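These numbers were taken from a predicted model, which means no experiment stands behind them. Just so you know, these numbers use all the heavy atoms, side chains as well, and skip hydrogens, waters and symmetry mates.
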2 protein chains.
Amino acid sequence: MRTQNYSRKRQAIYELLMSTDTHPAADWIYNTLKPKYPDLSLGTVYRNLKVLEENHMVRSVAVVNGCERYDARMSQHSHFVCRRCGKVEDMFHKEDMSELLRCVTIAKDHDVESYNLIFYGHCSECLSAE
Amino acid sequence: MRTQNYSRKRQAIYELLMSTDTHPAADWIYNTLKPKYPDLSLGTVYRNLKVLEENHMVRSVAVVNGCERYDARMSQHSHFVCRRCGKVEDMFHKEDMSELLRCVTIAKDHDVESYNLIFYGHCSECLSAE
DNA sequence: CGAAAATTAATAATTATTACTCTTTTCAGT
DNA sequence: ACTGAAAAGAGTAATAATTATTAATTTTCG
């Protein structure tokens with residue numbers, strides 16, 4: 001059986017995502033890896049993000065200004081999106097969020113696999129800049 | 001001072017959104033109103049959705065398959081998105097969700113204005129179809 | 001090594017959304 | 001009701017993120 005990440009570029013994309021907490025878009029990943037991988041193609045970044053997503057190694061955490069933003073930290077946590085600068089920040093949970101499921105009426109015949117909680121507002125930098 | 005002129009098309013878009021719980025995309029709104037307003041333009045739908053959004057009469061609740069989905073019910077509630085058919089359903093809260101805010105670490109210097117909670121999974125129709 | 005399968009670069013195509021230009025509608029003040 | 005300026009719209013072109021295609025390269029593994 002073939003291993004999952006046998007391509008250097010896929011590995012590089014994954015490791016870059018693991019090493020940052022900026023929740024970048026495909027475009028940023030492409031530009032960041034380009035110097036080290038001069039023949040990298042943007043299509044490769046998109047395709048690998050999809051492959052990694054299917055393998056639950058990466059997830060899309062938000063769409064900001066029409067751009068999908070990715071995160072390789074799969075432990076359950078939420079995000080804050082700045083409406084002004086588009087920055088995406090982590091928001092870690094104080095306690096188990098399964099609590100959350102008790103707060104909403106869930107149809108019993110639905111198969112709820114995951115959830116995504118996003119907070120919107122203005123980040124500290126943008127607040128002080130105004 | 002003149003703020004906004006009354007427009008019957010904007011009104012129609014708003015009323016259509018109020019009358020449905022399917023959380024439609026711009027495209028669906030356009031096709032639904034087209035028979036009654038034969039000269040309606042898709043650009044008009046997009047522009048008015050943005051105007052209504054700025055006036056807090058409408059909000060985007062999710063992006064499904066690259067399409068923004070809208071809701072005119074502004075009372076706080078969450079949504080379920082079916083990963084298979086893309087359906088967006090309402091999930092009303094059993095209790096006050098301000099409780100929710102206590103579960104995450106919120107940086108004090110951030111101005112959190114709103115949040116969006118989306119559940120993902122498979123709806124009952126898609127489950128029984130498999 | 002060598003063949004089969006997976007991956008990629010480069011490019012073309014797709015598609016949701018926005019911008020633009022000119023026309024039409026709306027409405028406050030007459 | 002009439003008018004003129006502001007707002008809104010139609011129709012079309014443009015934008016930009018993402019996806020599909022295809023031929024070439026790389027990787028895997030017997």
Query raised in the report: What are the residues of residues 17-25 of chain A, sorted by number, that bring a heavy atom to within less than 4.0 Å of DNA chain C?
Result: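 Residues of residues 17-25 of chain A that come under 4.0 Å of DNA chain C do not exist, since none gets that close.
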
Between [atom2] on [N] and [atom1] on [X], what's the gap in Å once rounded to a whole number?
| X | N | atom1 | atom2 | result |
| --- | --- | --- | --- | --- |
| A:Tyr30 | D:dA17 | OH | P | 14 Å |
| A:Gln11 | D:dT27 | CD | P | 13 Å |
| B:Asp27 | C:dT14 | CG | C1' | 14 Å |
| B:Tyr46 | D:dA8 | OH | C1' | 19 Å |

Under the rule for salt bridge (Lys or Arg N to Asp or Glu O under 4.0 Å), what residues qualify as partners of [X], not counting sequence neighbours?
| X | value |
| --- | --- |
| B:Glu113 | A:Arg83 |
| A:Arg84 | A:Glu130 |
| B:Lys87 | B:Glu89, B:Glu125 |

Query raised in the report: Would B:Val61 end up clustered with B:Met91 when hydrophobic side chains under 4.5 Å apart are linked, directly or stepwise?
Result: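 Looking at the clustering, B:Met91 is in a separate group from B:Val61.
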
Query raised in the report: Members other than B:Tyr70 in its cluster, when Ile, Leu, Val, Met, Phe, Trp, Tyr link by side-chain heavy atoms under 4.5 Å?
Result: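 So far as hydrophobic clustering goes, B:Tyr70 is joined with B:Ile13, B:Tyr14, B:Leu16, B:Leu17, B:Met18, B:Trp28, B:Ile29, B:Tyr30, B:Leu33, B:Tyr37, B:Leu40, B:Leu42, B:Val45, B:Tyr46, B:Leu49, B:Leu52, B:Met57, B:Val58.
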
Query raised in the report: Does some side-chain heavy atom of B:His110 sit less than 4.5 Å from a side-chain heavy atom of A:His122?
Result: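 Heavy-atom side-chain distance check fails, nothing below 4.5 Å.
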
Query - Side chain to side chain, A:Asn65 and A:Cys67, heavy atoms closer than 4.5 Å - result: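 No, side chains not in contact.
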
Query raised in the report: Any idea how B:His23 and B:His77 line up, ring-wise: parallel (<30°), tilted (30 to 60°), or perpendicular (>60°)?
Result: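 Judged by the thresholds at 30° and 60°, the geometry between B:His23 and B:His77 is tilted.
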
Query raised in the report: Under the salt bridge (Lys or Arg N to Asp or Glu O under 4.0 Å) rule, what pairs show up with a residue in residues 20-41 of chain B, not counting sequence neighbours?
Result: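 Only B:Lys9-B:Asp39 qualify under salt bridge (Lys or Arg N to Asp or Glu O under 4.0 Å).
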
Requested in this report: Ignoring hydrogens and angles, tell me if any N or O in the side chain of A:Asp71 forms a donor-acceptor pair with the backbone of A:Arg73 under 3.5 Å.
Outcome: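 Yes; judged by distance alone, with no hydrogens or angles, the pair exists.
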
Give me the distances for all protein-to-nucleotides 8-12 of chain C N/O pairs that come in under 3.5 Å?
unit_1	atom_1	unit_2	atom_2	d
C:dT8	OP1	A:Ser7	OG	2.6
C:dT8	OP2	A:Arg47	NH1	2.6
C:dT8	OP2	A:Arg47	NH2	3.0
C:dT8	OP2	A:Asn48	ND2	3.2
C:dT8	O3'	A:Lys9	NZ	3.1
C:dA9	OP1	A:Lys9	NZ	2.4
C:dA9	OP1	A:Asp39	O	2.4
C:dA9	OP1	A:Leu40	N	3.3
C:dA9	OP1	A:Ser41	N	3.4
C:dA9	OP2	A:Ser41	N	3.0
C:dA9	OP2	A:Thr44	OG1	2.2
C:dA9	O5'	A:Asp39	O	2.9
C:dA10	N7	A:Ser41	OG	3.4

Counterpart residues, side-chain contact (heavy atoms from CB on, under 4.5 Å), relative to [X] (two or more places apart):
| X | value |
| --- | --- |
| B:Val64 | B:Ala62, B:Arg69, B:Val81, B:Val88 |
| B:Ser41 | B:Thr44 |
| A:Asn116 | A:Arg59, A:Ile118, B:Tyr120 |

Report task. Pull out every residue in residues 53-74 of chain B that has a heavy atom closer than 4.0 Å to any atom of DNA chain D, ordered by number, or say none. Result ->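 Residues of residues 53-74 of chain B that come under 4.0 Å of DNA chain D do not exist, since none gets that close.
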
Report task. To the nearest 10°, let me know how far the axis at one end of the helix from C:dC1-D:dG30 to C:dT30-D:dA1 is tilted from the axis at the other, five pairs an end. Result ->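 The value is 40°.
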
